Structures are given as structure tokens and as C-alpha cells.
Amino acid sequence: MDVSLLLDDLNDKQREAVAAPQTNMLVLAGAGSGKTRVLVHRIAWLMEVENIAPFSILAVTFTNKAAKEMRGRIESLMKRSMHTMWMGTFHGLAHRLLRAHHAEAGLPENFQILDSDDQYRLIRRILKAMNLDEKHWPPRQVQWYINGNKDEGLRPQHIDTHNDHTQQKMRDIYAAYQESCDRSGLVDFAELLLRAHELWARNPEILAHYQKRFRAVLVDEFQDTNNIQYAWLRMLCSTGDNTIMIVGDDDQSIYGWRGANVDNIHKFLKDFPKPETIRLEQNYRSTSTILKAANAVIDNNTGRLGKELWTDGAEGELVSVYAGFNELDEARFIVSQIKSWLQQGHPLTESAILYRNNAQSRVLEEALLHEGLAYRIYGGLRFFERQEIKDALGYLRMINHPHDDAAYERVVNTPSRGMGEKTLSNIRETARAHNCSLWQASNLLIAEGALKGRAANALQSFILLITELEQATEGQPLEEQADKAIRQSGLYAMYQAEKGEKAQARLENLEELVTACKQFVVPEEADEMTPLSAFLAHASLEAGETQADSDQDAVQMMTIHTAKGLEFPLVFMAGVEEGMFPSQMTNDEPGRMEEERRLAYVGMTRAMKKLFITYAESRRLYGQDKYHTASRFIREIPAECVEEVRLKSTVSRPVHNRFSRATSHESFEQTGFQLGQRVTHRKFGEGIVLNYEGSGDHARVQVNFDEFGSKWLVLAYAKLQPT
DNA sequence: ACGTGTTGGCTTTTT
DNA sequence: GCCAACACGT
């Protein structure tokens with residue numbers, strides 16, 4: 001391969017990073033600065049120039065999508081398979097290590113992965129078993145506590161409770177939860193990382209093996225690493241035998257709330273020998289106006305590593321800010337802008353609506369629907385997280401490893417086979433007394449004849465079902481196992497008996513699961529596992545797509561978090577108001593406020609050509625009308641980068657201090673309505689026009705409704721009919 | 001054991 | 001305002 005190919009088409013800084021000598025390196029890569037490209041070319045360079053075998057390279061990402069994309073790009077660049085290279089997510093790689101060294105990690109060979117939903121259910125069961133009130137010990141908080149401690153590398157015995165009763169109890173719950181996981185051979189997400197870390201810490205020879213093997217380590221999105229991930233990398237790369245390149249952007253750190261620690265970038269510079277820093281600041285994505293606006297916003301944060309994006313591209317259009325009357329008006333405005341974008345000959349896919357929280361999507365959806373524009377929403381339930389799929393996986397997990405208590409609880413009475421709460425607590429009690437799995441307890445109770453009547457029959461039939469499924473499907477292809485599990489368990493019949501579209505979709509999903517089994521190829525590194533076990537691990541680690549990929553041309557809708565790493569020619573950021581974005585929850589804590597600002601920065605830098613920022617002066621939130629002011633992030637944009645879109649050109653007020661609404665009565669006639677006229681609205685019924693603003697199609701009319709009080713409604717959206 | 005009324009609670013999300 | 005989770009009633 002001609003090595004110059006790896007350096008052509010790169011700018012100076014990119015080239016510097018790709019062709020750097022082997023040393024520890026921090027690449028500060030701004031949004032849209034070609035970071036993936038640098039990573040891919042660097043890996044190719046290491047192989048071609050430094051003669052490092054793919055076998056000796058470890059590349060770590062945060063999402064499966066990123067890992068897949070990177071592998072694909074390297075393979076197409078190098079034109080050969082890179083299957084010996086370890087490339088994956090932290091969790092995926094930790095899983096791989098634990099499978100390979102399960103004995104040393106203290107895990108059974110067929111351990112299973114507990115996803116967040118499983119974990120939540122298990123915690124609730126533990127709380128019940130410990131006789132603790134959920135009101136006092138919210139399961140979500142317990143879950144957060146357990147994962148938080150695991151992310152810090154802490155086991156229950158390491159936690160200093162300061163003799164605080166609450167702290168002690170929390171620690172006890174953590175300990176009880178962990179015991180239950182260990183007994184059932186279950187590993188949650190945080191546990192994967194913690195165990196992998198402990199595996200190396202306790203087995204120096206295993207650690208030495210990997211230190212020697214991985215001569216080059218590369219980490220993407222380093223600003224998102226949490227402390228246990230950092231410690232794991234540090235352990236691997238601290239001997240000086242290998243080098244690590246980390247790529248990240250402190251300004252795009254938006255996952256602090258789930259344990260990510262931006263400080264890890266700073267710590268890297270201190271903890272790893274002779275680190276070099278390279279800044280990628282040339283942006284290939286956005287217009288200079290958008291960059292200027294985004295730079296100005298992020299500049300309000302303190303303690304940045306410092307970086308200013310620039311482009312030699314066009315200045316482009318101004319950032320447009322629109323103040324909607326309410327969220328309906330905001331949505332209507334966005335839709336009208338997308339329509340004119342469409343009329344200019346652009347596809348819908350080039351446009352994206354980004355919002356702070358998912359609840360915002362509904363109004364936007366309705367507005368798009370109303371105008372017949374197709375949209376695609378990202379986020380929400382993934383395939384393997386769906387109820388019916390988890391039910392089916394529960395049976396497969398029981399076949400794989402019947403001592404899996406989480407799976408047992410899920411399927412023992414789904415579909416209902418007459419196991420009452422009483423029988424179940426009997427089984428749980430027995431399991432606790434014998435310190436065994438629910439499965440063992442069930443068998444024990446049957447053998448002892450301790451149950452009678454309906455309960456005995458029900459439990460007996462469940463045991464029989466699992467045993468038969470296990471025997472009937474042993475050695476069978478995966479899809480046979482899944483198909484039999486779904487049908488013989490009565491799961492399929494259960495959803496068949498349910499009526500409605502939802503049940504129909506569930507049946508289709510179950511069929512889809514069988515198809516997924518058929519198409520599943522056991523990955524090379526999992527060749528010692530049974531296909532079933534490998535599939536179950538795959539289902540937990542890769543929850544699958546949110547929606548089946550549709551080729552339909554559609555507006556892209558997602559939260560700003562989800563949009564990180566993506567780009568769109570036309571971007572709308574909706575709900576950019578104090579209280580929404582920054583979120584009310586931020587509570588003016590400086591650290592959290594800065595993370596919100598980074599989120600704003602991420603959102604703005606998604607836009608390539610045109611950025612709209614919108615907000616609503618009044619918004620129905622949790623059933624109440626809230627009156628918000630424009631977000632501070634809007635005010636932080638330099639005036640020369642912004643144009644305020646006004647419905648009425650004659651009224652123009654600065655963005656910065658507008659909150660009050662207009663009450664002028666000028667040119668009311670143009671609206672086609674008259675004061676005191678009776679108008680109807682499909683949702684609110686009949687009312688009387690009291691007030692208005694604007695003219696023509698875009699008039700805003702205040703209508704008094706006898707029952708509902710007075711509201712501002714936007715004619716164009718609300719479709720008030722003159723009567 | 002299952003179906004209906006009432007209460008509460010509520011960012012962001014990947015693995 | 002909406003959804004999920006519990007309580008209660010049949």
C-alpha cells in the first residue's frame with residue numbers, strides 16, 4: 001500500500017496526528033473536525049508504517065454503532081478483513097475478557113448479562129425481600145447508587161457509611177443485590193467493567209499478557225469515560241510498553257450525569273507518560289456563522305482545554321431565532337420552514353428537529369402529521385427491550401441457565417398459568433432459606449410435595465415446560481429453539497388472544513425474533529460459547545435499532561443527546577427556553593449549567609447550512625401553562641449572527657428581553673375575524689375572539705372559551721373557522 | 001386471577 | 001396531561 005494515500009486529503013493537524021511517532025497522545029477533536037477519519041487513518045498507519053499487526057491493536061468506542069462504522073471504514077481502506085483486531089465498546093470488550101477468563105473472574109461459564117430493566121426488577125425484588133418500603137427506598141435511586149459505586153470501583157465492603165443509618169441500609173441493599181446476582185450468575189453493565197478491572201488487578205499474569213499483546217490502544221469519545229473505564233485503560237497502558245491515543249472533546253461532554261468524568265482528559269495528561277496534545281480545530285461541517293455562534297456560546301464555560309473551531313468555508317445564512325406564542329405555534333413554524341425547504345428541492349432527510357427532552361416530540365409530530373410530512377423519531381424502546389421480546393428471551397435464558405432468577409421471575413407466570421402471589425412468595429422464601437436459585441427451590445418444593453392442588457399443578461407444569469424445552473431444543477439451530485420457546489410456552493397464544501394493533505405488532509416482533517436468531521452469526525471470539533448463550537449476550541449488549549430502518553424520506557427527530565456525532569444541512573433546535581433548556585433540573589448549579597451549555601454547543605454544531613432556534617413564550621407542561629423566557633444560550637449568541645424571525649415585519653423587538661406579549665389592536669380586520677366573533681376549535685369547543693396579533697395566515701388570536709379560560713391560539717395551526 | 005379506578009411522578013441514555 | 005403502577009373490587 002502506498003503510504004502517502006493515508007496522508008493525502010488530510011490537513012496539517014490531522015496529518016500530524018496520523019503520522020505521529022509512537023507516543024501517548026491526546027487528540028482534541030472539535031465537532032466536525034474529521035476525528036473518525038483521523039482514528040481510521042492512524043490505525044492504518046500503525047499497521048502499514050509501524051508494522052503493528054491488527055492482532056496487537058485495541059480500539060475502544062462507546063457505542064456499537066461507532067465500533068461498527070470504524071471497523072467498516074478501516075476494512076474498506078485496507079481492503080482486507082480486520083477480524084483479529086479488538087475493536088468494540090468498553091462493555092463489549094470487558095464481556096469478551098470475562099468470557100475468556102471466567103474462572104479467574106469468579107464467574108460461572110454461562111453467566112448472563114442483566115440489562116437496566118432486568119436490574120431494576122431485581123432491585124425491586126430485593127427490596128421486597130428485605131421488607132423495605134419503595135416509598136422510602138426508591139428502586140431508581142437504589143439502582144443509581146449501586147451503579148454509581150460500581151463506576152467508582154467500589155464494592156459494598158469498600159463503602160464508608162460514616163455510621164449513617166441511611167448509608168448503611170443502602171450499602172446492605174447493594175450487598176444483597178450483589179449476592180443475588182452472584183447466585184444467579186448474572187452480571188449487570190457496570191459489573192462487566194468492574195469485574196474486568198478486578199480481573200486484571202488480581203491476576204497480574206493475565207494483565208501482563210494483554211499489556212504485551214496490545215501495542216497500540218486507541219480510545220474514541222474519551223470525554224465520556226467514567227472512572228472505572230479510566231482506571232482500566234490506565235492499568236493497561238501504564239507500563240510504557242505500549243502507547244495510547246485518546247480522541248475527545250471536552251466541550252462535547254454531555255454524559256456527566258451518568259458518571260462520565262470530563263476531568264479524565266486532564267488526568268490523562270498527568271497520569272500517562274509524555275503525552276502529546278494535538279488540536280483539530282478546522283471544521284468541515286458548518287458555515288462560519290454557525291461556528292461563530294457556537295463558539296461564542298461555549299466560550300461562557302470555564303476550565304476548558306481551549307479550542308476554537310474555524311472554517312474556510314462560506315459565511316452562510318444567519319442563525320434564525322423564532323419566538324413562538326406557544327408550543328403549537330412553535331411547531332407550526334418549524335413545519336412551515338421544512339415545507340419551504342422541501343419546495344426548494346431538498347429531501348426531508350436533510351432536516352432534523354432536535355429537542356431537549358422526548359416529551360417535546362408529540363406536538364411536533366402532530367404538526368408534521370397535520371401537513372402530511374413524514375418523520376422518523378430516534379430513541380425510545382429498542383427491539384430487544386420490548387416486553388414481548390424480553391418475555392421470549394426469558395424462556396431462552398431459562399433454557400440456557402435455569403438458575404437465572406431474573407429470567408425465572410419474568411416468565412414463571414407469563415403467560416399466566418395459575419401461579420399466584422402466595423405460591424411465588426413460598427418459592428422465594430424456600431430459595432432464601434436454602435440459599436439456592438428459585439429453580440432449585442421449585443424442584444425442591446415439588447419433590448417434597450409441599451404444595452398442593454392448583455399451585456402444585458401450575459409449578460409442575462412450568463418445570464416440565466422448561467425441562468422439555470431444554471431437552472427438545474438441545475443441539476437444535478437457534479431459530480428452532482426460539483420458535484419452540486415462543487410457541488410451547490404459550491407466549492405466542494397469549495399475544496394472539498389479545499386484540500388490537502399493539503398485540504398484532506407484538507406477534508410480528510416475536511416472528512422477527514425468530515428471524516433474528518436465524519440470521520445470527522456467532523462471532524468468532526465467542527466460538528467457545530453455545531450459539532444460544534452468544535445470542536443472549538448479543539441481545540443484552542446490543543439492544544438493536546429503535547425502529548426498523550425505513551428508506552422513506554423523512555424529517556429526522558431526536559433529542560440533542562442522540563444527535564451527538566450526527567450532522568444535518570438544516571437543523572431546528574426547539575424549546576430553547578429557560579426552564580426547558582437549560583432544564584429546570586439544572587437548579588443553577590454551575591457544573592450542571594455548563595453541561596447544559598455543552599449540550600447547546602453540541603446541538604448547534606450539528607447544523608451544516610442553516611440553523612433555526614425556536615422557543616415558546618408559553619408552553620403547556622405537565623398540564624400547566626408555563627411562561628418561559630428565551631434561553632440564556634440564545635442571548636449568548638453574538639447579535640450579528642442572529643436574525644429574529646417575526647411573523648409581522650412591522651413589529652420588531654430585540655430577542656434579549658422579550659417576554660410580554662403584544663396586545664395591540666392594529667389591523668385586526670386583516671385576520672378575517674372580528675372581536676366578539678364566535679369561533680370553534682376541535683379541541684376546545686366554541687369561544688369568542690378577544691384579542692389578536694399579527695395578520696393574514698399568521699395571525700395569532702386570543703380566544704376566550706367559557707369553560708377553559710382564555711388562551712392564545714394560532715390560527716394557521718389551530719384552524720379556527722370563521723363562522 | 002383478572003380487570004378497572006386512582007394516585008403519583010415526571011431530563012438527558014448507552015451498555 | 002400522560003402513563004405506569006398500585007389498590008381494590010368482582
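Keep in mind the model is a prediction, meaning the values are calculated, not measured. Chain letters run A, B, ... following the sequence lines, proteins first and then strands; every chain starts at 1.
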Minimum-distance nucleotide to [X] side chain [options: [options]]:
X	options	value
A:His91	B:dT11, B:dT13, B:dT15	B:dT15
A:Arg362	C:dC2, B:dT13, B:dT15	C:dC2
A:Glu596	C:dC6, B:dT15, B:dT11	B:dT11
A:Asn64	C:dC2, B:dT12, B:dT15	B:dT15
A:Arg258	B:dT11, B:dT15, B:dT14	B:dT14
A:Arg124	B:dT11, C:dC6, B:dT13	C:dC6
A:Ser116	B:dT13, B:dT11, B:dT15	B:dT15
A:Tyr622	C:dG1, B:dT13, B:dT12	C:dG1

Within the 4.0 Å heavy-atom criterion, would you say [X] contacts the bases, only the backbone, or no part of the nucleic acid?
X	answer
A:Arg592	base
A:Met580	nothing
A:Thr559	sugar-phosphate

Just N and O in the side chain of [X]: are any of them under 4.0 Å from OP1 or OP2 of [N]?
X	N	answer
A:Asn358	B:dT12	yes
A:Arg382	B:dT15	yes
A:Ser416	B:dC2	yes

(request) Could you grab the distance from atom NE2 of A:His197 to atom CG of A:Leu233, nearest 0.5 Å is fine? (result)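 Going from the NE2 atom of A:His197 to the CG atom of A:Leu233 covers 10.0 Å.
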(message) Rounded at 0.5 Å granularity, tell me how far CD in A:Glu330 sits from OG1 in A:Thr614.
(response)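 Separation between the atoms: 3.5 Å.
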(request) Could you check A:Glu636 against A:Arg632 for salt bridge (Lys or Arg N to Asp or Glu O under 4.0 Å), going step by step and ending with a plain yes or no? (result) CA-CA 6 Å; A:Glu636 286 165 6; A:Arg632 67 195 68 196; 5.9 Å; no
Roughly, in whole Å, what's the span from [atom1] in [X] to [atom2] in [N]?
X	N	atom1	atom2	result
A:Asn226	B:dT13	CG	C1'	14 Å
A:Asn357	B:dC10	CG	C1'	10 Å
A:Phe633	B:dT12	CZ	C1'	13 Å
A:Glu134	B:dG9	CD	P	12 Å
A:Arg619	B:dC10	CZ	P	20 Å
A:Glu385	B:dT13	CD	C1'	10 Å
A:Ile254	B:dT12	CD1	P	13 Å
A:Asp117	B:dT14	CG	C1'	15 Å

(request) Compare the aromatic ring of A:Phe189 with the six-membered base ring of B:dT14 and state whether they stack according to the 5.5 Å and 30° rule. (result)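 No; by the centre-distance and plane-angle rule, A:Phe189 does not count as stacking on B:dT14.
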(request) For the residue pair A:Asn147 and A:Gln119, establish whether any side-chain heavy-atom pair is separated by less than 4.5 Å. (result)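 Answer yes - side chains close enough.
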(message) Quick check: do A:Met494 and A:Thr414 have side-chain heavy atoms less than 4.5 Å from each other?
(response)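 Of all side-chain heavy-atom pairs linking A:Thr414 with A:Met494, at least one is under 4.5 Å.
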(message) Within 90° of 0 counts as syn, otherwise anti: where does B:dT11 fall?
(response)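 Syn.
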(request) Between A:Phe90 and A:Ala359, name the one whose nearest nucleotide on DNA chain B is closer to the 5' end. (result)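 Whichever sits nearer the 5' end wins; that is A:Ala359.
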(message) On DNA chain B, does the nearest nucleotide to A:Arg417 precede the nearest nucleotide to A:Thr586 from the 5' side, or the other way round? Give the residue.
(response)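 Of the two residues, A:Arg417 wins.
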(message) Parallel, tilted or perpendicular: which one describes the rings of A:Trp86 and A:Tyr210, with boundaries at 30° and 60°?
(response)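 A:Trp86 and A:Tyr210: tilted rings.
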